[in-house]
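When reading the values below, keep in mind they use all heavy atoms of this one structure, side chains included, and skip hydrogens, waters and symmetry mates.
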There are 4 protein chains.
Amino acid sequence: MSLNKVQLIGNVGKDPDVRYLDNGVAVAAFPLATTERGYTLANGTQVPERTEWHNIVLWRGLAETAEKYVHKGDKLYIEGKIRSRSYDDQNGIKRYVVEIFGDNMEMLTPRPVAGGQPQQAASQPQPSAPVQPARQADAAEDLPF
Amino acid sequence: MSLNKVQLIGNVGKDPDVRYLDNGVAVAAFPLATTERGYTLANGTQVPERTEWHNIVLWRGLAETAEKYVHKGDKLYIEGKIRSRSYDDQNGIKRYVVEIFGDNMEMLTPRPVAGGQPQQAASQPQPSAPVQPARQADAAEDLPF
Amino acid sequence: MSLNKVQLIGNVGKDPDVRYLDNGVAVAAFPLATTERGYTLANGTQVPERTEWHNIVLWRGLAETAEKYVHKGDKLYIEGKIRSRSYDDQNGIKRYVVEIFGDNMEMLTPRPVAGGQPQQAASQPQPSAPVQPARQADAAEDLPF
Amino acid sequence: MSLNKVQLIGNVGKDPDVRYLDNGVAVAAFPLATTERGYTLANGTQVPERTEWHNIVLWRGLAETAEKYVHKGDKLYIEGKIRSRSYDDQNGIKRYVVEIFGDNMEMLTPRPVAGGQPQQAASQPQPSAPVQPARQADAAEDLPF
DNA sequence: TTTT
DNA sequence: TTTT
């Protein structure tokens with residue numbers, strides 16, 4: 001009965017910070033910037049360009065993919081959900097942070113072809129483990145209708 | 001490097017047609033209507049309301065949930081992807097159809113409480129198998145940052 | 001080159017707080033709850049249900065529609081963007097807040113028919129001003145292809 | 001009470017076909033390809049890569065932007081709605097086509113800097129008319145809360 | 001008919 | 001802290 005979905009296309013502000021939990025689960029965090037173009041109102045007021053920074057958090061396979069292939073400056077598509085959490089900062093003050101827990105990622109920065117001359121339509125990394133979580137085998141079946 | 005995503009909120013046109021493949025996989029199909037409000041153009045032209053019918057196809061657990069809980073007239077949120085396919089009709093003419101393969105569904109029609117008086121925030125069916133595909137256990141972990 | 005999009009289906013936590021700027025522009029604010037079902041991990045760990053509260057902000061016509069038709073408990077679809085801002089609280093401490101600036105809203109709570117008996121496909125309020133921002137007149141034209 | 005939304009990231013199959021209606025309104029049409037990676041099922045079955053072709057239709061300012069800046073091979077983000085229509089083909093047979101009427105577009109192919117040496121983070125065209133439809137002036141205002 |  |  002509920003939907004909490006975020007979709008971002010933006011630029012990575014820093015190389016991902018990737019950590020491994022005791023159980024071996026990878027978690028990656030990095031900032032992603034989305035920028036709205038500035039524009040001029042009917043009354044002549046200039047509304048300047050505005051950048052929003054999003055705290056991206058990825059888990060497991062996506063975190064490992066980010067560790068290998070995502071770098072500062074890259075353009076990414078991230079799909080996920082909004083998650084708030086609080087923590088006590090070093091002064092013992094309760095802080096709130098809003099994060100985007102990503103469950104789908106597409107890398108939009110073309111990569112140069114390894115060993116070849118760079119070209120416009122460069123090949124992307126093809127991780128052996130799929131970037132996306134488990135899919136349904138729907139393409140493998142004929143429809144019974 | 002690609003995204004193919006559809007999100008619909010609309011009304012179910014017919015009870016789902018659910019079939020089981022030889023390997024036991026369930027597939028459900030039903031039409032879903034989305035309606036745009038009509039409006040009036042600046043020049044006075046009336047643009048009438050318009051209904052679009054979408055061919056929804058669900059697989060596996062979602063198909064089984066639809067078989068149990070989805071009925072004609074229900075309001076649904078469906079998220080999925082666009083899929084085209086062709087088939088030969090009974091006259092041997094090649095036909096094309098566009099379908100929405102759903103991978104997330106939320107039921108938006110309130111259900112009356114079984115055995116109680118209906119109330120505004122009515123309970124939804126709570127299938128023992130989750131409506132959504134596998135999730136990451138991200139809620140179970142503390143962040144290492 | 002950027003996308004900042006949020007889509008929520010959830011329940012309104014309080015009646016909207018609607019204010020009018022000096023220039024007559026309406027602004028509405030209210031909390032919206034989205035709830036994830038709890039689930040059980042493969043290792044038996046129970047991940048409890050979890051509710052996320054979103055600070056919704058609407059402007060102009062949408063704010064006026066909210067003032068008239070949105071109430072605590074209602075189910076809404078909200079589409080918009082993530083917006084962070086900081087302010088100084090009453091103790092002079094800088095606080096950060098993340099808001100969802102909505103630019104599309106659909107009301108998902110069926111309304112009883114005025115003066116009639118409630119029915120499944122109940123009518124929604126039909127504000128004279130459209131709920132959505134300006135649309136293109138694309139439905140009024142025949143395609144030249 | 002309805003939502004009909006499509007979001008695509010894909011590659012343009014042909015230069016846009018742009019026409020002008022008698023009233024001066026521009027309409028652009030072009031195919032966009034989205035490709036799903038192939039994968040291997042648990043039982044060893046290979047599900048091959050699969051490409052879906054979408055018929056994109058843009059109106060007015062977006063059509064004019066496409067005419068100027070969109071070319072075969074470009075990667076685009078397109079947001080819009082699904083629209084079906086029928087027409088009689090040259091043999092008088094009724095044909096159905098499903099189109100995506102786009103209302104938001106982001107160009108994801110980096111452009112070489114005019115007059116400079118190409119670089120990874122190349123500048124995008126900056127049309128004088130904004131790519132997006134009218135926006136609310138929400139960034140220009142302080143919140144009254 | 002695109003792209004990786 | 002990114003990018004155009």
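- Taking atom CD of D:Glu52 as the reference point, atom P of E:dT1 lies 17 Å away to the nearest angstrom.
- Rounded to an integer number of Å, the gap from CZ of D:Phe30 to C1' of E:dT1 is 13 Å.
- Here F:dT2 presents its P atom at 24 Å from OH of A:Tyr77, a figure rounded to the nearest Å.
- In this structure, C:Val57 and C:Ile100 have side chains that are not in contact, with every pair of non-hydrogen atoms separated by 4.5 Å or more.
- Note that the NZ atom of B:Lys5 and the NZ atom of B:Lys81 stand 10.5 Å from one another [nearest 0.5 Å].
- The distance from atom CG of A:Leu108 to atom C1' of E:dT2 is 15 Å, rounded to the nearest whole Å.
- Screening residues 7-17 of chain A for salt bridge (charged side-chain N to carboxylate O under 4.0 Å, His left out) gives A:Asp17-A:Arg19 as the qualifying pairs, with residues at least two apart or on separate chains.
- Residues satisfying the salt bridge (Lys or Arg N to Asp or Glu O under 4.0 Å) test with D:Asp88, not counting sequence neighbours, are none.
- Under the stacking criterion of a centre-to-centre distance below 5.5 angstrom and an interplanar angle below 30°, D:Trp53 is not stacked against the six-membered ring of E:dT2.
- In this structure, CG of A:Asn11 is placed 15 Å from P of F:dT1, rounded to the nearest angstrom.
- The A:Ala33 side chain lies nearest to F:dT2 when the options are F:dT1, F:dT2, E:dT1.
- One can place CZ of D:Arg37 at 17 Å from P of E:dT3, the figure rounded to the nearest angstrom.
- Residue contacts for D:Thr51: at a heavy-atom cut-off of 4.0 Å it reaches a base atom on one of the strands shown.
- In this structure, the CG atom of A:Leu76 is 12 Å from the C1' atom of F:dT3, given to the nearest Å.
- If you take CG of D:Asp74 and P of E:dT3, they are 9 Å apart, rounded to a whole angstrom.
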